Amino acid sequence: MLNDIYNKRIIELAGNIPRVGRLAAPDASATAHSKLCGSTVKVDLKMDGPLVTDFAHDVKACALGQASSSIMARNVVGSTAGELRELRETVRKMLKENGSPTMLTFDAVVDAIGQIEAKTKQPVSAQG
């Protein structure tokens, strides 16, 4: 019975992914790909300091990857870089094995955050 409820929730999340598409002018974009299952997630991110202000993604993944992306999209805007890094590590520890496909969105978001942070640490003249 628990598996039926779990599977139903996964399918509900996978079938209702918010923020699908691409941002017109993201601060950073990142792609994560799983060689194991062929899933690919592309994310676009906008930030104001440490705070995520906008997010969009293109998800080509299995049901677990889609559900993971759905959860991220529902919660990412308003989160801080630190919170998202911590969340990725928490999920990684929860999954431990066979979790790679569901980690794609988490990995791509943290990658995009790192790109944005690297840009802001450059001298002002180099950001032009």
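Note that the structure is predicted; figures quoted are calculated from it, not measured.
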Quiz prompt | Rounded distance [0.5 Å steps], CG in Leu87 versus OG in Ser79 | solution = 8.0 Å
Quiz prompt | Contact list for residues 60-72, test salt bridge (Lys or Arg N to Asp or Glu O under 4.0 Å), sequence neighbours left out | solution = Asp58-Lys60
Quiz item: Could you give the distance from NE2 (His33) to NZ (Lys35), rounded to the nearest 0.5 Å?
Solution: 7.5 Å
Self-check item: Contact check, side chains of Ile113 and Met47, non-hydrogen atoms, under 4.5 Å
Solution: yes
Quiz item: So does Glu12 have more than 12 non-hydrogen atoms from other groups sitting under 6.0 Å from CD?
Solution: yes
Self-check item: Considering all heavy atoms, the nearest Gly21-Ala56 contact
Solution: O-CB, 3.5 Å
Quiz item: So, do Asp107 and Asp111 sit near enough that their side-chain heavy atoms are less than 4.5 Å apart?
Solution: no
Quiz item: Nearest 0.5 Å, what's the CZ-OG1 distance between Phe106 and Thr90?
Solution: 9.5 Å
Practice problem: Can you sort out the partners of Asp27 under side-chain hydrogen bond (donor to acceptor under 3.5 Å, both in side chains), two or more places apart, ordered by chain and number? | Solution: none
Quiz item: Can you check whether Thr80 reaches Val52 side chain to side chain, under 4.5 Å on heavy atoms?
Solution: no
Quiz item: How long is the gap from CD1 on Ile11 to CG on Asn16, to the nearest 0.5 Å?
Solution: 11.0 Å
Self-check item: Val77 reachable from Val110 in the ILVMFWY side-chain graph, under 4.5 Å edges
Solution: no
Quiz prompt | Taking every non-hydrogen atom, the tightest pair across Pro18 and Ser70 | solution = CD-OG, 3.7 Å
Quiz item: Does any non-hydrogen side-chain atom of Ser68 lie less than 4.5 Å from one of Leu104?
Solution: no
Quiz item: What's the spacing between Met72 CE and Arg88 CZ if we round to 0.5 Å?
Solution: 9.5 Å
Quiz item: Which one of Val109, Leu45, Asn75 satisfies the side chain to side chain contact (heavy atoms under 4.5 Å, CB included) criterion with Leu84?
Solution: Val109
Self-check item: Validation row: Gln66, Leu13 side chains within 4.5 angstrom (heavy atoms)
Solution: no
Practice problem: Compare every heavy atom of Ala108 with every heavy atom of Val41, then report the nearest pair and how far apart it is. | Solution: O-CB, 4.4 Å
Quiz prompt | Straight-line distance of Thr105 OG1 to Ile17 CD1, nearest 0.5 Å | solution = 8.0 Å
Quiz prompt | Heavy-atom pair of closest approach, residues Ala30 and Gln115 | solution = CB-NE2, 3.8 Å
Exercise. Decide if atom NZ of Lys42 counts as having more than 12 heavy atoms of other residues, nucleotides or ligands within a radius under 6.0 Å.
Key: no
Quiz prompt | Fellow cluster residues of Leu51, listed by chain then number, with links counted only when side-chain atoms sit under 4.5 Å apart | solution = none
Quiz item: Passes side-chain hydrogen bond (donor to acceptor under 3.5 Å, both in side chains), Asp44 versus Ser29? Steps please.
Solution: CA-CA 4 Å; Asp44 293 332; Ser29 297; 2.6 Å; yes
Quiz item: Does any N or O in the side chain of Thr53 come within less than 3.5 Å of the main-chain N or O of Lys46, such that one atom is a donor and the other an acceptor?
Solution: yes
